[in-house]
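Numbering of ligands and ligand atoms starts at 1, following listing order. Just the heavy atoms: all of them, side chains too, but no hydrogens, waters or symmetry mates, feed the values below.
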Amino acid sequence: MKHFLSVLDWDRESVLELLERAKRFVPIAKAATPKSGGNHKMTALILEKSTRTGGSYREAWELLGNRVEYISGEDKTSLGKGESFSHTARTKAGQGAKILTIRAEFEGIARWLAEMYGKYNYPTAVHNAGDGSHEHISQSFLDVLTILLRLGRLENFTIGIVGDLKNSRTVHSLVRMLSLFADIRVVLVSAPEVRLQPWYTKGLANVEVAESLDALVGCDIVYVTRVQVERFANKFDYQKVRGRYVVDRKVLDMLGPDALIMHPLPNVDGEIATEILDHPQVIVDEQAENGTPMRMAMLDWSLLRLSHPWMPPTNEPQERVLGSRSIRDALARKHGESRYFTPIETGTVVDHLDPAMYTTIREVLKLDASSTPVVVSERLSSSRLSGGRKTAIVLEHRFLEKDEKAAVTVLSPTATFNELRDGTIVKSKMDALTAIQGIGRCPNPVCITRNDIEAARSSRFLIANDGGGDLACHYCEQHMKRDEVFVPS
Ligand code: NCD
């Protein structure tokens, strides 16, 4: 994989290979003598504040002997005039960028741009330098590099993670990174309001959730994060959780002489007390410095793979035909029911719908009486045969797209689709759905699909079973109830 979007895309072997390469880059980064002859271009679009990530991406790329176009802030580009991220990114690839490093508040932006490059056949690789409160993959790589260099191993240790676990993208990526390695115990200390969302800990066998710093006793590493003030919708919620945890000399004494204190920085509220910042067990500056060799390894990895085509898995919905028969036979047998439906010769009868989802399904199929002349009738019908109420929708002269059938099935898993044409009814169901796409809208206001006119047309939701909701947005990973994506805008 040439892109660095989310830790979810990475396996243990590739991570270990990258860490080995990064170790070799450590002395080269320290010597800070640029290699000559690379001369490839990277565009860094750093649209949120950055001291370490943007700077070390630039340093890493230049040390590899390459050129950087560094843009900080939307107002410096046509983004400030309202141009889409998609179009801006295409222009940068067209101007020769081999790597697009992007930091922005919009969650899922890196994945979206990587897919967009794939669709347009640009060989450019995308590096996610932080997308809202979603992920920060390069930070987690440098975090585990730091742990590996200090502990000499990436297994069999206990790590406490403290602070704003809900909004901290570095925590999200780190926890996923840790899940790739064996025998790691993770102690999550946070205020209940900012607990880590359950889907991030998938794959971790040993997780403890706590509210008190006392739970950190026995930790080999304590990873502290600031409260992410910029992610709170209102000041009151922020005030409620800020300043709750301070790792100071007392905590350090409690942890003992071998525990190491890490922080992605900035340390703004004194969550690591300034009195211990110079303590040898506090390794936050070393951690930041490892950013350059780690990113050298990551950028080099991408460069070697630029020509690899990459497209996301499509999760094509599968349709299973249950049977077919002539319309005439069907009408004769279902004579009793014909008073509920106006019989049609061409079109679709969507049957066995969950009555509770009826209104939402109308929304999905855009059944607005004025704008949808194809609907000739739709009735609620009670069927003694199926032992209870069922809902059907009759669409004359309309055949549904697979994506529409998938969306209806997600809302109402018992749905069947009866297509009537040329005197025959073919009955089908959607099978083993894993995703729905092209339909619905992510409710997360900072999802890229709500903030880029091109991404807006590519919504995609995965059927989720990892806690937190029935569906997960493919881009921002926000989880939601199944009907939430169909709320009219
Ligand atoms: C972090 C970030 O931007 O997410 N900083 C960084 O890149 N080292 C952490 C933070 O801002 O709290």
Original post:
Exactly which residues line ligand 1, taking a heavy atom under 4.0 Å from it as the test?
Top reply: T53, R103, H136, Q139, R169, T170, R226, Q228, P264, L265, P266
Look at the rings of [X] and [Y] and say which category their plane angle falls in: under 30° parallel, 30 to 60° tilted, over 60° perpendicular.
{"X": "Y200", "Y": "H134", "result": "tilted"}
{"X": "F4", "Y": "H127", "result": "tilted"}
{"X": "H40", "Y": "W61", "result": "tilted"}

Original post:
Is the count of non-hydrogen atoms from other residues, nucleotides or ligands lying under 6.0 Å from E401 atom CD greater than 12?
Top reply: no
Subject >> S459-R441 side chain donor-acceptor pair, cut-off 3.5 Å >> reply: no
Subject >> Shortest non-hydrogen contact between S190 and E211, atoms and distance >> reply: O-CG, 3.4 Å
